[in-house]
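Structure, as structure tokens:
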Amino acid sequence: MNETPNTVPTSAPQTPAELETVEAVAAVDAVDNLAAAAEEAPAVDAVVPEVNVPAAETAAAKDMSPAACAAKLKELFPALFVGGGIKPLKLRVQADIQERAPGVFTKAQLSAFLRRHTGGTGYLLALSKAKHRFDLDGQPAGDLSDEHRAAAVEELTRRRGLQQERLQVEQQRQALEQTQARNRAGLLHDFERTTLTLPNFCALKGVTPEELPGLLDLARQEAAERAAQRPQFQAPREPRPGQAPRGERGRPDERRGRRPGPQGGRKPGPQR
């Protein structure tokens with residue numbers, strides 16, 4: 001794809017239809033198959049009229065960090081970037097920001113912020129469910145096309161697949177580490193009890209004499225870590241005042257000060 005210059009072209013300006021097409025592609029620049037087209041988004045800013053701004057403001061804009069850029073946008077346009085959750089941005093919103101806040105942001109700063117903002121999973125989720133786009137005042141500004149909604153859903157599906165793959169790889173890695181740790185623990189257990197010579201023991205376990213010391217050291221370290229993680233023995237609690245220690249308490253009749261009777265708690269009756 002040809003690179004689009006950031007300066008105002010000397011030839012005839014683009015038509016409104018062309019501008020809308022470029023901005024529509026830039027709105028979903030987070031989607032991989034549209035990422036290259038998103039780089040042309042700065043071409044929309046080329047049609048913004050020149051505005052005279054103080055040199056101090058321009059210098060401050062050049063020194064603004066990405067975090068400061070995001071914070072400033074939230075300060076200037078909270079209805080779009082703060083309240084009510086994440087909202088899909090209207091088309092050509094970058095031009096609107098430059099017009100409403102001349103000299104506050106550079107084109108590079110806005111482009112970087114919008115790429116990061118529209119590439120977030122939260123934004124893609126909002127894009128996949130919304131019906132409208134929103135302007136800088138948080139008001140609906142055009143319908144969201146089925147094409148952009150489908151592109152967001154496709155990207156979310158791709159990310160979920162990648163996340164699932166990473167989870168499976170992590171689970172396999174943990175399972176392998178646990179198996180290796182058990183093998184080292186068994187190796188240490190057998191080494192401490194074997195009567196075989198070192199060469200015979202290594203041959204039996206399938207390790208070389210050079211590998212054995214390192215494996216045993218690691219097994220001892222892991223055993224110490226497991227021992228440190230086991231819950232410590234807790235001493236029995238002290239009895240409350242007036243309560244007999246555990247193991248010394250009598251039967252219920254004895255605790256109440258009564259002499260225990262025969263089975264059933266009844267005294268023997270007269271013999272007939």
State the [atom1]-[atom2] distance between [X] and [Y], to the nearest 0.5 angstrom.
X: Leu196; Y: Cys202; atom1: CG; atom2: SG; result: 10.0 Å
X: Leu156; Y: Leu124; atom1: CG; atom2: CG; result: 5.0 Å
X: Phe134; Y: Leu80; atom1: CZ; atom2: CG; result: 9.0 Å
X: Gln109; Y: Lys107; atom1: CD; atom2: NZ; result: 13.0 Å
X: Phe105; Y: Leu110; atom1: CZ; atom2: CG; result: 6.0 Å
X: Lys87; Y: Asp135; atom1: NZ; atom2: CG; result: 10.5 Å

If you look at every heavy atom in [X] and [Y], which pair is closest and at what distance?
X: Leu136; Y: Ala79; result: O-CB, 4.4 Å
X: Ala219; Y: Ala185; result: CB-N, 4.4 Å
X: Ala227; Y: Arg230; result: CA-NH1, 3.2 Å
X: Gln94; Y: Ser111; result: NE2-OG, 3.1 Å
X: Pro88; Y: Ala130; result: CG-CB, 3.6 Å

Side-chain donor/acceptor of [X] to backbone N/O of [Y], under 3.5 Å:
X: Thr194; Y: Phe191; value: no
X: Tyr123; Y: Arg116; value: no
X: Gln178; Y: Ala175; value: no
X: Arg133; Y: Leu89; value: yes

Is [Y] close to [X] at the side-chain level, that is, under 4.5 Å between some pair of heavy atoms?
X: Val104; Y: Ile97; value: no
X: Arg149; Y: Leu144; value: yes
X: His132; Y: Asp143; value: yes

Tell me whether [X] shares a hydrophobic cluster with [Y], the cluster being built from Ile, Leu, Val, Met, Phe, Trp, Tyr side chains joined at under 4.5 Å.
X: Leu188; Y: Phe201; answer: yes
X: Met64; Y: Leu76; answer: yes
X: Leu212; Y: Leu204; answer: yes
X: Leu198; Y: Val207; answer: yes

**Prompt:** Is atom CD of Gln163 surrounded by more than 12 heavy atoms (other residues, nucleotides or ligands) closer than 6.0 Å?
**Reply:** no
Taking [X] first and then [Y], would you say they form a salt bridge - that is, a charged N and a carboxylate O separated by under 4.0 Å?
X: Glu170; Y: Arg166; result: no
X: Asp190; Y: Lys205; result: yes
X: Arg159; Y: Glu155; result: yes
X: Asp137; Y: Arg100; result: yes

**Identified side-chain hydrogen bond (donor to acceptor under 3.5 Å, both in side chains) partner of Arg184 from the options Gln221, Glu222, His189** = Glu222
**Prompt:** Run the salt bridge (Lys or Arg N to Asp or Glu O under 4.0 Å) check on Lys90 and Asp96 step by step: do they pass?
**Reply:** CA-CA 9 Å; Lys90 75 178 289 288; Asp96 294 347; 2.9 Å; yes
